[in-house]
Amino acid sequence: MNTFTKATLALLTSSAIATSAFAASGSSDDSAYETYRNSISSVEALSNTLDAKGIQYNADVNLKGANTFTKKADAYNDKYEELQTIFNAAHFAN
């Protein structure tokens, strides 16, 4: 039961962070750096959720050639999408 509670909390946290990160990415009020930091947070939150569920994944983000915060945020958003696909496959397989 304790593991289930932790996994549920991790999922809710990652969902909230991801939602705010993707919503903020289109906001004209956020700087490129803030968008980049939000993208990093989204990947970290989803990684924590995958860890809690014992799912194998690779959270390494390839930043080669990403020389601006916008490009780095795009790389992290791509990794987030990849991790989300892994999560969905494992979570909804039952």
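Atoms considered below: every heavy atom in the structure, side chains included; atoms not considered: hydrogens, waters and symmetry mates.
Contacts of E82 classified as salt bridge (Lys or Arg N to Asp or Glu O under 4.0 Å), with partners at least two apart in sequence or in another chain: K79. Partners of K72 under the salt bridge (Lys or Arg N to Asp or Glu O under 4.0 Å) rule, at least two apart in sequence or in another chain, do not exist in this structure. Looking at residues two or more places apart in sequence or on another chain, you find a side chain to side chain donor-acceptor pair (under 3.5 Å) between N88 and Q84.
Atom CD of E34 sits about 3.5 Å away from atom OG of S31, to the nearest 0.5 Å. H91 NE2 to L50 CG: the interatomic distance, rounded to the nearest 0.5 Å, is 11.5 Å. The line from OG1 of T35 to CD1 of I40 is 11.5 Å long, rounded to the nearest 0.5 Å.
Under the 3.5 Å distance criterion, the side-chain polar atoms of E81 are left unmatched by any main-chain donor or acceptor of D78.
The two residues A75 and L63 come nearest to each other via the heavy atoms CB-CD2, 3.8 Å. Taking each heavy atom of N58 and L83 in turn, the nearest pair found is O-CD2, 4.0 Å. Considering every non-hydrogen atom in both V43 and Y76, the closest pair reads CG2-O, 3.3 Å.
Counting only residues at least two apart or in different chains, ring-ring contact (aromatic ring centres under 6.0 Å, His included) contacts with residues 45-75 comprise Y33-F69, Y36-F69.
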